[in-house]
Structures are given as C-alpha cells and as structure tokens.
Amino acid sequence: MRGRYRSGPASGRLGPTGAALKRDAEDGTIRSIRVSTSGAQAAAFFREIARTRTVWWVRDDDGSPTPVSSSGQPAFPYWSSKTRAQRAAQLWGPQFRPVSMPLDHWRSAALPDLAKDDFRVGINWSGQRLTGWDFTVGEVVNRLIHALGEPPYDAFMVIREGR
C-alpha cells in the first residue's frame, strides 16, 4: 500500500472521543454528558472482521484519506462492514467509495506496510466528524489474534514475518 496514502480535504484531527461534561457556569452543576461509543465501535470491529473475514476501507481515484489522529500521527481508517465504510465515504464526498479487502491480505500485506510507514490504524470511525479510536499496528495485531482465538505471541514477530 506504500504510496497510495494521501492527505487533502478529508484530512483533519480525528481520534478518540471521551466523555465530555457541560457544567453550568454559575453553580457548576452538570447540564449534559456526551459519552463516546468508540470503545463499542472498536469491539464490534474485531468481532465482525473475525466473523466475516473482510475489512473495508474508503478511497477515490487518487488514493485513501489518511487523517492525522489525536496522537499527531497519520491514521489509515478501516471499517468492519460495507455499510459503515459507505457512511464514511458519503461524509468525505461523492468521489469516495468503500472497498473490501480479505482479512488475510490485510493482516499479511496492508498492516505491515502501515507499520513501515509509521501509520496508526483507525477502527470503525463513526459520527458526523468520523471520530473513534486508532491503534498502533502491533495493538491491532494483538487484538485481532485475540478476536480470532489464536494463541498469543509477539506482535513484532507477526509484523516482521508478515503473518
């Protein structure tokens, strides 16, 4: 996937969203709470790709959006279903479309390429601003191994050996 990333109109500061409290300016009472669904989205991502053996991403004719995550690093976002990826494509613009990739190819080729280029991996970003969690490739591999029910082993070796 090297060389297929791009920045541009779809770039922005995206990343984890947490609970946010709005307090009354005068008495400090809590008026509203905004809670993130990022954890649930991440859990659904690994559960769904383990079941379907397919990962989805978004692209146009020039490549894929790689927004800057809250960590300050570029992130390559993926989704666990065509419907989720389609929503992201619609938010980014009419030129974008969802594309599927077999899980085995994602694991053996795409993830090692992202690790080489020091990208983080966005997981099931959602909402009007496409926010959610992003992980290092090693973290993604460890979570994937767990979701697939495989015995744990060193994610660095997985990436280095291209498994």
Side-chain angles (χ1 to χ4, degrees), residues 1-18 36-148 155-163:
M1 292 180 67
R2 186 179 299 272
R4 294 171 59 191
Y5 316 120
R6 69 180 180 88
S7 59
S11 293
R13 297 205 45 90
L14 302 177
T17 57
S36 168
T37 61
S38 299
Q41 293 288 351
F45 177 85
F46 290 102
R47 188 174 53 250
E48 291 171 7
I49 66 169
R51 188 183 76 246
T52 65
R53 312 291 292 186
T54 303
V55 178
W56 291 85
W57 50 295
V58 172
R59 67 162 297 135
D60 67 6
D61 293 339
D62 296 323
S64 298
T66 54
V68 174
S69 71
S70 61
S71 67
Q73 290 179 271
F76 197 111
Y78 291 95
W79 290 269
S80 58
S81 72
K82 183 177 184 177
T83 302
R84 292 175 190 271
Q86 183 65 50
R87 275 188 232 125
Q90 289 169 346
L91 287 169
W92 274 328
Q95 72 276 23
F96 291 98
R97 62 190 177 278
V99 180
S100 67
M101 179 186 311
L103 178 61
D104 291 338
H105 180 77
W106 185 63
R107 184 178 185 179
S108 66
L111 290 178
D113 281 352
L114 293 175
K116 286 177 202 163
D117 293 337
D118 203 27
F119 274 77
R120 293 183 64 87
V121 181
I123 301 296
N124 271 356
W125 287 352
S126 62
Q128 288 298 312
R129 292 181 24 234
L130 290 177
T131 56
W133 285 357
D134 58 88
F135 299 99
T136 66
V137 170
E139 291 167 334
V140 168
V141 170
N142 281 332
R143 287 173 181 260
L144 180 59
I145 288 168
H146 178 75
L148 294 171
F156 175 74
M157 295 303 294
V158 172
I159 294 165
R160 204 173 98 205
E161 295 173 10
R163 284 195 242 158

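When reading the values below, keep in mind they use all heavy atoms of this one structure, side chains included, and skip hydrogens, waters and symmetry mates. Only a predicted model underlies this, so the values are computations on that prediction, with no experimental measurement involved.
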remark   = d(Phe135 CZ, Phe45 CZ) to nearest 0.5 Å is 9.5 Å
remark   = Of all heavy-atom pairs linking Trp92 and Pro77, the shortest is CH2-CG, 3.7 Å
query = What pair of heavy atoms forms the shortest contact from Ala147 to Ala50, and how long is it?
reply = O-CB, 3.8 Å
query = When rounded to the nearest 0.5 angstrom, what is the spacing between OG in Ser100 and NZ in Lys82?
reply = 8.5 Å
request  = Apply side chain to side chain contact (heavy atoms under 4.5 Å, CB included) to the pair Gln95 and Asp61, showing each step before the final yes or no.
outcome  = CA-CA 8 Å; Gln95 72 276 23; Asp61 293 339; over 6 Å; no
query = Closest heavy-atom contact between Val58 and Ala85?
reply = CG2-O, 3.4 Å
message = With a 3.5 Å distance limit and no angle check, can you tell me whether Asp60 reaches the backbone of Asp62 through a side-chain donor-acceptor pair?
response = yes
request  = Would you name the heavy atoms of Met101 and Ala110 that are closest together and state the gap between them?
outcome  = SD-CB, 3.9 Å
key: Residue pair Leu114, Tyr78: steps toward the side chain to side chain contact (heavy atoms under 4.5 Å, CB included) verdict   = CA-CA 12 Å; Leu114 293 175; Tyr78 291 95; 3.7 Å; yes
remark   = CG of Leu91 to CZ of Phe96, rounded to nearest 0.5 Å, is 11.0 Å
Least distance between heavy atoms, Arg59 atom then Ser64 atom = CB-OG, 3.5 Å
remark   = With Arg120 as partner, the option from Val137, Val140, Asp134 fulfilling side chain to side chain contact (heavy atoms under 4.5 Å, CB included) is Asp134
Taking every non-hydrogen atom, the tightest pair across Asn124 and Ala44 = ND2-C, 4.2 Å
ask   = Would Leu144 and Trp106 satisfy side chain to side chain contact (heavy atoms under 4.5 Å, CB included), going step by step from the backbone distance to the final call?
value = CA-CA 11 Å; Leu144 180 59; Trp106 185 63; 4.2 Å; yes
inquiry  = Could you check whether any side-chain N or O of Thr54 sits under 3.5 Å from a backbone N or O of Thr52, counting only pairs where one atom can act as donor and the other as acceptor?
reply    = yes
ask   = Going from CH2 on Trp133 to CZ on Arg143, what distance comes out if it is rounded to the nearest 0.5 angstrom?
value = 6.5 Å
message = So does Ile123 get a backbone contact from the side chain of Trp79, meaning a donor-acceptor N/O pair under 3.5 Å?
response = no
